[in-house]
Participant: 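If you scroll down you'll find the structure; I have some questions about it.
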Number of protein chains: 4
Amino acid sequence: MSTARRPTEERRQQIAEAALRIISGKGVHRLTAQELGREVGIADGTIFRHFKDKAEIVRAAIAHLEGVLFEQFPPQAEDPLERLRLFFVGRLTLVQRMPSVFLAAFSDRLEEAAGEDAGAVRSIIERSQAFVRQCLTEAQERGQIDRRLSPDALTLMVVGTLQAAAFGHRRGALKSQLDPTTVWQTIEIMLTLGAKK
Amino acid sequence: MSTARRPTEERRQQIAEAALRIISGKGVHRLTAQELGREVGIADGTIFRHFKDKAEIVRAAIAHLEGVLFEQFPPQAEDPLERLRLFFVGRLTLVQRMPSVFLAAFSDRLEEAAGEDAGAVRSIIERSQAFVRQCLTEAQERGQIDRRLSPDALTLMVVGTLQAAAFGHRRGALKSQLDPTTVWQTIEIMLTLGAKK
Amino acid sequence: MSTARRPTEERRQQIAEAALRIISGKGVHRLTAQELGREVGIADGTIFRHFKDKAEIVRAAIAHLEGVLFEQFPPQAEDPLERLRLFFVGRLTLVQRMPSVFLAAFSDRLEEAAGEDAGAVRSIIERSQAFVRQCLTEAQERGQIDRRLSPDALTLMVVGTLQAAAFGHRRGALKSQLDPTTVWQTIEIMLTLGAKK
Amino acid sequence: MSTARRPTEERRQQIAEAALRIISGKGVHRLTAQELGREVGIADGTIFRHFKDKAEIVRAAIAHLEGVLFEQFPPQAEDPLERLRLFFVGRLTLVQRMPSVFLAAFSDRLEEAAGEDAGAVRSIIERSQAFVRQCLTEAQERGQIDRRLSPDALTLMVVGTLQAAAFGHRRGALKSQLDPTTVWQTIEIMLTLGAKK
DNA sequence: AATGAATGAGGCTTCATTCAT
DNA sequence: TATGAATGAAGCCTCATTCAT
């Protein structure tokens, strides 16, 4: 809420953060120059001293989102299932702590607001998805996962579970049941059962 | 495109359909009175002879959506896993045929547009979720599913798989891999493996 | 200044007229939606119910200008010099009566405001110029004008005289001297002197 | 592009030049503090260390323009028609080399931007006009020009020819035909024909 | 003298909604 | 019930100008 002058770089940071906060907290339709200005403590027009236009702000917000989601990525572990576990539990924990930020990645509002750069949002999702798929394929090659299971279907399941958890949070439901470790255990049991033989 | 007078009920239907078509085809930001009027064949102002305000229109669109999604619901079968299979394959097929309609159910844009009655969208999701959970619990009670698996986690997985498939469609990815039957087989194998012994 | 509802066609007319009035009376920089609205008696936003955007308004104003300038055009007469005289005296009279409207045709402001359609302004000028040139060439072929005189230079002179008269009016100078007939006589004498031999 | 400090006088010169360059090259609407700063190599706000406001900048630009137009003025020659010839050919050459600078003198945009002191532009034109008129009157008194020709009309013609040539350049037309000498010959023939007898 | 962030006023445009016809 | 002009509130964005640094 500083009214003082700030160097552009700092303001850009502030604004990008504020944008993400607004998007995931109040909805994209509230992402207006006025609202941003209020949040940051400057006049609405001043926003455009730091960003060319609104699309650029959204882009910055997405970049910021990417930073949050992939802070410690990829997880390091020799065993692919262990790597997947680290990722999954981490993400599910994030979902619980900051559900709205996570949901932003799936927001059609955000994607819409990104305009031309909608691809930026998609790439965030794809990056996660590719990682999951990689872990699963590797584990299957090592014989840790039943070979009858389709890697694509499994990827969908793992990623989808996270998504459903996030949407569950939005709806206010399921809060208690979502102990990350429990959920992972269920998944792991299923993945490895067939391979034990 | 008839300009003739119509009883309100008929018009409301037309408008609700048009609204859903616009939302899932062009995005909520294109859902304007003018666009609706054009789609239905009446003047923009006339829309508000039939609906109090825009939120009411969106609510009607959501109701219409619910009708589409639950047309033949719940599926009839004695075996809970068979019931789940019917539901799952049906939904996944729908996702592939009309991804945008399906995505609308997860659209934050739509939820936002509904205003106060955003709950309407949520109830659609919850209805599906409750059904899935019911099938899984029943199957577990019958010993068809390993008892170590958490029903909540499983519900999340099944529902999430559908969601991830839908979002995959939005991103234009995964089109080929999504053969509904294959995906279901992978799920079924996993669900039932542990119980076979 | 009517506040009452008007059919679009009528409003478009009103707005186009108002636009031309503003442009030539107060300058393009005063051609704002607000000013137009005030002039016509409606709210600023309402303007865009009748025109897609400002460029379209400018285009309409130009079309209106063209209508004024070429109301009775081309003049009918067998003798090309007589035709030219009719045109010249008519234009010079117009310059005196409505100097600002005439100047609009040479306004870089207007041309700038026309944006993409700047050509529309130019074509107005070219149309006059082509007519003048045609008369002069014809007269020269008939031996009414000395053959040593370059038709291009003559065209420049005739058209330029009108322009200079208009700009003189803008500067508030020369008002009295500009008796259209006197000016024409001077021109005619010069054009025909050399041919008399 | 030096960011070093400069005495105000030097900066004022630089800025005035830049202003004229922008106005005649890109249009007044591009004459912003930012653009000026970029052109001169200083920050936008700094502009107002050297000029009170934008109108003052425009005024300086006009003064600069006057300097360019009247660099070698008035031409020296005993014979008034020769004096006029020198002026005319000089100006027409200038028109061809730097049409935009010349046009600036007739720009309503520039006049408008000057604000209160719009008269500054007008005086530039009047100065030329008075000179032309003086030459013509003198020549007529010497019997070089037919006495039936109105000096006012002739002044209009000569000045107008230059204007029309300039506007022709703006429209991109007439480029080839405008050999200054040819045009002057046509004028001279007409002016002197009647007097030869 | 220089910087560049901040302001505030405006300008264009869209849109839900109203209301005279 | 229908029309479509009108309104008013936003929203985005630009720019002259100010002022703390």
Participant: Within the structure shown, what part of the strands sits under 4.0 Å from C:Leu31 by heavy-atom distance: base, sugar-phosphate, or nothing?
Facilitator: sugar-phosphate
Participant: Check the distance between E:dA16's C1' and A:His29's NE2 and give it to me in whole angstrom.
Facilitator: 14 Å
Participant: Is the distance from OP1 or OP2 of E:dT14 to the nearest side-chain N or O of C:Arg49 less than 4.0 Å?
Facilitator: no
Participant: Does E:dA5 have OP1 or OP2 sitting under 4.0 Å from an N or O in the side chain of A:Thr46?
Facilitator: no
Participant: E:dA2 P sits how many Å from D:Arg12 CZ, rounded?
Facilitator: 13 Å
Participant: To the nearest angstrom, how far is A:Glu10 atom CD from F:dT21 atom P?
Facilitator: 14 Å
Participant: Using only side-chain N and O atoms of D:Arg11, determine if any of them is under 4.0 Å from OP1 or OP2 of E:dA2.
Facilitator: yes
Participant: When the ring planes of B:Phe106 and B:Phe167 are compared, do they come out parallel, tilted or perpendicular, using 30° and 60° as the limits?
Facilitator: tilted
Participant: With nearest nucleotides of DNA chain E determined for D:Ile47 and B:Ala33 from heavy-atom distances, which residue corresponds to the more 5′ nucleotide?
Facilitator: D:Ile47
Participant: Got C:Arg49 and C:Ile42 here, is their nearest side-chain heavy-atom distance under 4.5 Å?
Facilitator: no
Participant: In whole Å, what is the span from the CZ atom of A:Arg38 to the P atom of F:dA10?
Facilitator: 11 Å
Participant: I want to confirm an ordering. Mapping A:Gln34 and D:Arg30 to their closest nucleotides on DNA chain F, which one lands closer to the 5' end?
Facilitator: A:Gln34
Participant: Rounded off to whole Å, could you give me the CD1-to-C1' distance for the C:Ile57 and E:dC12 pair?
Facilitator: 10 Å
Participant: What nucleotide among E:dA5, F:dT7, F:dC13 has an atom nearest to a side-chain atom of C:Ala43?
Facilitator: F:dT7
Participant: Taking B:Ser107 for its side chain and B:Leu103 for its backbone only, find out whether a donor-acceptor pair lies under 3.5 Å.
Facilitator: no
Participant: What does B:Thr32 touch in the nucleic acid at a heavy-atom separation under 4.0 angstrom: a base, only the sugar-phosphate, or nothing?
Facilitator: sugar-phosphate
Participant: For the side chain of A:His50, starting at C-beta, report the closest nucleotide among E:dA6, E:dG4, E:dT18.
Facilitator: E:dA6
Participant: Quick one: CD1 on B:Ile125 to CD on B:Glu66, what's the gap to the nearest 0.5 Å?
Facilitator: 10.5 Å
Participant: How would you label the contact of D:Asp44 with the nucleic acid (heavy atoms, under 4.0 Å): base, sugar-phosphate, or nothing?
Facilitator: base
Participant: In dot-bracket, 5' to 3', how would DNA chain E read with Watson-Crick or G-U wobble pairs under 3.5 Å, [ ] for crossing ones and | for pairs to another strand?
Facilitator: .||||||||||||||||||||
